[in-house]
Each structure stands twice: as structure tokens, then as C-alpha cells.
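What follows is a short report on a single structure.
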Amino acid sequence: MKEKLKKIVENATNEAKTIKTENDYLNIKSKYLGKKSELFELIKSIKDMIVEDKKKYGPLLNKIKIELDSIFTKYYDAVINADEKVTFDPTLPVSNDKGSLHPVTIIAKEITDVLKNIGFMVLEGPEMENDYYNFSALNVAENHPARDMQDTYWLDNGLLLRTHTSPVQVRAMEKYGAPIKMCAPGRVYRNEDLDASHENTFHQVEGMVIDKDISISNVIYVMKGMLKEVFKQDVEVRLRPGFFPFVEPGFELDCSCTICGGKGCTTCKYTGWIELCPCGMIHPDVLKTSGIDPDIYSGFAFGLGLTRLAMMKYKISDIRALNSGDLRFLEQFNVR
Ligand code: DAH
């Protein structure tokens with residue numbers, strides 16, 4: 001018996017040294033420890049042995065079984081670790097497949113960086129919103145004609161895909177109260193037919209400041225700072241009246257055309273200005289709805305079109321390219 005066992009251990013150990021793959025490992029395990037193995041037959045025979053032999057060989061056979069198992073695992077582990085070493089070999093040449101940031105991501109980061117520097121929190125909100133946050137809390141009651149300004153994707157579960165980032169304003173007011181400075185970049189959805197200048201999925205960044213004595217001149221200051229960072233040059237801005245139910249007064253903020261420097265070109269339709277960002281003073285009812293006293297606090301808000309800004313900065317003429325996932329297009333923005 002002892003001779004037999006010695007032979008088994010010897011053969012198994014020699015064979016274990018040849019393990020190179022997972023298959024080798026599984027095969028050797030089954031050959032020496034499996035149901036058809038010599039060792040298994042011996043273990044099975046214990047029950048027919050006389051008591052003395054049972055006491056002698058029972059523990060021994062068990063010990064050998066455990067020992068062989070750990071030898072196989074040891075050699076297989078060495079194979080796996082050797083593989084890992086190759087994977088992490090720092091001397092291997094690097095592949096040329098480098099990723100790049102999406103143009104909208106680049107702009108979003110530039111803008112949120114400027115805002116963070118002047119104390120804004122950067123927040124996120126859900127893309128699947130409810131009627132309250134997307135409309136009612138923003139002064140757009142049911143049946144209000146302003147709901148038609150934004151063609152909405154309603155979902156079967158009664159929720160909707162947010163049509164703008166403004167609901168994050170409401171969530172922020174509820175959660176943090178006043179005073180507050182926040183921005184929220186994110187994706188928004190509108191049920192639009194697609195063409196070169198219309199997408200059903202695009203990006204905005206919402207901004208909001210609430211404090212005592214906030215006025216529209218604060219918006220102008222913040223916007224100029226942001227645009228300077230994006231375009232790396234001073235940009236002029238101007239305000240025109242605009243209507244949005246959640247601001248009073250509301251404005252459309254235009255910036256001087258960065259392509260022609262305000263002289264007039266096809267991009268600015270020879271006006272020298274580009275419509276960029278709706279904004280305004282937060283309507284007192286909106287403040288009140290979210291628990292902020294409009295007699296003490298006032299605030300401004302803006303909803304900047306990130307997609308539009310990316311198109312301007314990178315001179316992209318077809319909005320559909322941005323969501324196309326086309327690597328030939330995306331690889332041009334070689335920033336990581
Ligand atoms: N949420 C509006 C939209 O997408 C844009 C907007 C207008 C946002 C005025 C604002 C604002 O914060 O004050 O059409």
C-alpha cells in the first residue's frame with residue numbers, strides 16, 4: 001500500500017509541473033482525485049479494511065488527497081500569476097488606441113470648473129422626472145400653454161424624460177434652502193424631429209444663485225466669466241426680454257459672435273450676436289413653492305445650452321454628429 005501511494009504522489013507531482021492551462025489543471029485534478037482515480041478507489045476501500053488498517057490508512061489517504069490538491073493549485077496559481085506579470089509588463093509598447101473626451105464633456109467641465117471656483121455646488125438630478133419638478137414647481141401648471149414650449153416624452157409609468165435641467169433648481173432649493181449657489185450639467189430630452197439643428201437628446205447646464213440682494217447684473221458677471229473660459233477671449237453679452245414662467249423678468253442672453261468677432265457672418269446671420277442662454281430673476285412663486293421666502297431672498301437662474309455652445313466652439317454644423325458615436329468625428333477632439 002505504502003509503495004502504491006508513494007508512486008501516486010510521485011507521478012502526480014511530476015505531472016503537476018507540466019500544468020500550463022486551466023484545462024491541464026482540471027484534467028490532472030480529475031485524473032488523480034476524481035471518482036475514477038486510483039486514490040479514490042483506495043479511499044473507497046477503507047470501509048472494508050480491518051479496524052487497525054482503517055486507523056492507519058484512513059488519515060493517511062485523506063492527508064495525501066489534501067496534499068495533492070494543494071500541489072495542483074500551487075502549480076496552477078504560478079501559471080495564472082505568470083500571465084498577470086505579462087499583462088502588467090511596463091516595458092511592452094503602448095497601444096495607439098487612445099480615448100478622447102466628448103466635446104460636450106469638455107465644455108461641461110470648463111463651465112463647471114469656473115462655477116466651482118466662485119463657490120457653486122455641482123449637482124445632479126434624475127433624467128426620469130415627475131410632473132411636479134419638471135413643470136408644476138416651476139410655475140407651469142397643468143394646462144398652462146407654456147407646456148407646449150417643450151415637447152415632452154411621457155413614459156408609461158407616469159413619469160417623463162426631463163425636458164430641461166431646471167427641475168434640479170427645485171430639488172436644490174428643497175434640499176439646501178437659501179442662500180445657495182448651484183449648477184447642474186446634464187442631459188435633457190425633447191420630442192423633436194431631427195435635423196441639422198434639432199436633436200431630441202441634448203445637454204444643458206442649469207445655474208442658480210439665491211441670496212439677499214441678487215440682481216440681474218450678477219448673471220451678466222457670471223456669464224462673462226464663463227464664456228471667457230470657454231472661448232479663451234473676452235466675450236460681450238447683451239440681454240433681450242424673454243418669457244419663461246419660472247422667471248420674472250426673463251431674458252435671452254446673447255453673446256458677441258466669436259467667429260466674426262461681432263462684425264457679422266453666416267453663423268450669426270450677420271447680426272454680430274448669437275442667442276446663447278435664457279435666464280432671469282427667479283419668480284417669487286417658485287421660491288415660495290420650494291420653501292424660500294421671496295421677501296428676504298431673491299435669485300437668478302440660467303439654462304445654458306451646452307450642446308449649442310459646443311457647436312459654436314468647435315464649429316460643428318450638424319447637431320446630429322454629437323450623438324452619432326462616429327469615431328471619425330469624435331477622434332478630432334483629442335483631449336483626455
Ligand atoms: N429651462 C429653460 C428651457 O430649457 C431654460 C431656462 C430659462 C432656464 C430661464 C432657466 C431660466 O434657469 O432662468 O427652455
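As the structure lists them, so they are numbered: ligands from 1, and atoms in each ligand from 1. For reference, positions follow the sequence shown, starting with 1.
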Does any N/O atom on Thr163 come nearer than 3.5 Å to any N/O atom on ligand 1?
no

Could you point out which residue of His164, Arg171, Arg162 forms a side chain to side chain donor-acceptor pair (under 3.5 Å) with Glu129?
Arg171

Going by the side chain to side chain donor-acceptor pair (under 3.5 Å) test, name the single residue among Asn134, Thr152, Asn191 that passes it with Thr163.
Asn134

Atoms of ligand 1, numbered as shown, that sit under 4.0 Å from any heavy atom of Gln204
4 (O)

What protein heavy atom lies closest to atom 12 (O) of ligand 1? Include the residue and the distance to one decimal.
Glu206 OE2, 2.6 Å

Which ligand 1 atoms does Gly280 reach within 4.0 Å, using its non-hydrogen atoms?
13 (O)

Considering the heavy atoms of Val247, write down every atom of ligand 1 situated less than 4.0 Å from one of them.
13 (O)

Does Cys279 approach ligand 1 within less than 4.0 angstrom via side chain, backbone, both or neither, non-hydrogen atoms only?
backbone

Polar contacts were defined as any N/O atom of the residue lying under 3.5 Å from an N/O atom of the ligand; does this apply to Ala301 and ligand 1?
yes

Mind checking whether Phe246 contacts ligand 1 via backbone (N, CA, C, O), side chain (CB onward), both or neither, at a 4.0 Å heavy-atom cut-off?
side chain

Atoms in ligand 1 with a heavy atom of Arg190 nearer than 4.0 Å
3 (C), 4 (O), 14 (O)

Would you mind listing which atoms of ligand 1 come within a distance below 4.0 Å of any non-hydrogen atom of Gln169?
12 (O)

Output for pair (Asn27 CG, Tyr32 OH), nearest 0.5 Å, gives 11.5 Å

